[in-house]
Amino acid sequence: MAGFQSLPGFRDFYPEDFSRRQHIFRVWRQTASAFSFQEYDAPVLEPLELYKTKSGDEIEAQLFSFTDKGGREVSLRPEMTPTVCRMVGAKAGALKRPIKWFSIAEFYRYERAQKGRLRAFSQFNADIFGEPGPEAEIELIALLIQCLAGFGLTKDDFTIRLSDRDLWFFYLEALGFNDAQSRALLTAIDRYEKAGDDAFKVYTEAHGALDAGLKEKVLAFLKIKSLGELEAALAPFKSEKLAARLADWRKVLAGVSAMGLGDFIAVDLSVVRGLAYYTGFVFEAFDRKGDLRALAGGGRYNDLVKKLGGPDLPAVGFAIGDVTTGLLIEQRGLAPAQANAPEVYVVIGGAPERAAAFADIQALRAAGVRVEYPFKELAFGKQFKAASESGAKLALIYGGDELAKGVVKIRDLADRSEREVPRNHIVASVRTELAGG
RNA sequence: GCGGUCAUAGCUCAGUUGGUUAGAGCACAAGAUUGUGAUUCUUGGGGUCGCGGGUUCGAAUCCCGUUGACCGCCCCA
């Protein structure tokens, strides 16, 4: 056993693990491109103050933060949102709207590792800046769905729960709660699913007993699971704010349905995300079977760019983690097999044939074909075994008989058929064969 | 930060009330097999039993500490 281990919550990516993660990244990147999002990246190390400004001083306990040799207080990035807000904020005037950006990056949090939660993990982040209307939510929710459906996951595997922090605030205001009371109630609502009635303790300790009738209304609102129920619940109120929120809800749900993704989305007002910086719609993606933690989460954060020193710029965004996504893909048997297997395995008769084989191997590789061959001289039987185990589709046979005739034998390793092709056409012949011939 | 379970080969694990040189399957490597692959057989490499200390004539086994993994709580950007 080696004297050193990786740090807790950090992972080594052996080739098999790496290719699993690459598959996840590939799907995310292709999907984001299809939605016409632009990729960016940023520093792994940022000023500690950036995260304290966004999340408060308490966040430091959960950061990989330290003082650098120049005396600067710094932190490994725990998330992308503050960074991307800074980047967009700095050049907001020069960027074409809508600003649709994504990134795939590794993040670091000083927390106790658990299933689906590590200290170093990767996330796909997608954000839209400069669009105040629900069109941005439609675009992002569709992207989120496709980022999971792209693995072969279906509406039976995951669901998007949609909620709305502003709607909650306006509703609680209409019921007569003040701002501080509403905030305490949202905390209770966030924990209600897990803690039940105990969730209201924080509220009652700070603001006194909660009127039974009002509590019932809050709980009824929390249990709303459809647009129809929401409309009915809001009907008695004559609030313009509530009417405007309802109009946005109709647009989002209609837009997502028109894309054929309506089955993936569920109205669920019990999701409020405990994060104070969200200002409107919030949404989370969950494993349907419920034995994994959240797959993805996001929402609208219209005040954050300004808070971090930029212009007043509306924004919506979400993030998906690689850890939980990987677990779900694994559980559903959707992991790809041998993603980077060679396409061609070259079987070489002996030393005299090696030079000819090398010339063609290099020509094929330069043409982009994935080619493998044995380093040492081996019996034909062993080479065919190795070819088969490599996962290659084709074997090219460079034997004395073939080279004397100026040909190469191509063997299809799946159906075991063979044919001879002229050596000077080898690249074109292999391409045709790989294309399905 | 708190509580629980666990740690033996690359992987999955066995290992008696403490007793000689710590085992199996899989995986890996070589040979049987000098022009055709999934079988079979033979052989081989690989472990200071997570690490440190203690008890004992003797520790993988018992005790203490420590590190790590997993599960739950807190938190979850």
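Labels below follow one simple rule: chain letters A, B, ... track the order of the sequence lines, proteins then strands, and each chain is numbered from 1. Any value given below was found using the heavy atoms of this structure, including those in side chains, with hydrogens, waters and symmetry copies removed.
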Check your understanding: In terms of side-chain heavy atoms of A:Tyr278, which of B:G37, B:A77, B:U36 is nearest?
Key -> B:A77
Review point. NA contact type, A:Pro8, heavy-atom cut-off 4.0 Å: base, sugar-phosphate, or nothing?
Key: sugar-phosphate
Exercise for review: Looking at every strand, decide which applies to A:Tyr51 at a 4.0 Å heavy-atom threshold: base, sugar-phosphate, or nothing.
Suggested key: nothing
Revision key, fill the gap. Quick note, A:Glu402 side chain, CB onward, closest among B:A77, B:A38, B:G35 is B:G35
Point to revise | B:G35 phosphate, OP1 or OP2, under 4.0 Å from A:Arg411 side-chain N/O | key: no
Point to revise | Side chain of A:Gln114 - closest among B:G37, B:G72, B:A77 | key: B:G72
Exercise for review: Kindly point out which of B:U34, B:U36, B:C75 is positioned nearest to the side chain of A:Ala379?
Suggested key: B:U34
**Study point:** Is_stacked (A:Phe384, B:U36) at 5.5 Å, 30 deg
**Key:** yes
Check your understanding: For the side chain to side chain contact (heavy atoms under 4.5 Å, CB included) test, which of A:Leu63, A:Leu45, A:Leu50 pairs with A:Ser75?
Key -> A:Leu63
Review point. Under 4.0 angstrom, heavy atoms only, what part of the nucleic acid is A:Gly400 near: base, sugar-phosphate, or nothing?
Key: base
Point to revise | Pairwise 5' ranking along RNA chain B for A:Arg112 and A:Gly381, keeping only the more 5' one | key: A:Arg112
Exercise for review: Report yes or no: is there a donor-acceptor pair, N or O only, under 3.5 Å between the side chain of A:Lys385 and the base of B:U33?
Suggested key: no
Exercise for review: Would you mind telling me which of B:G35, B:G37, B:A77 lies closest to the side-chain atoms of A:Ile59?
Suggested key: B:A77
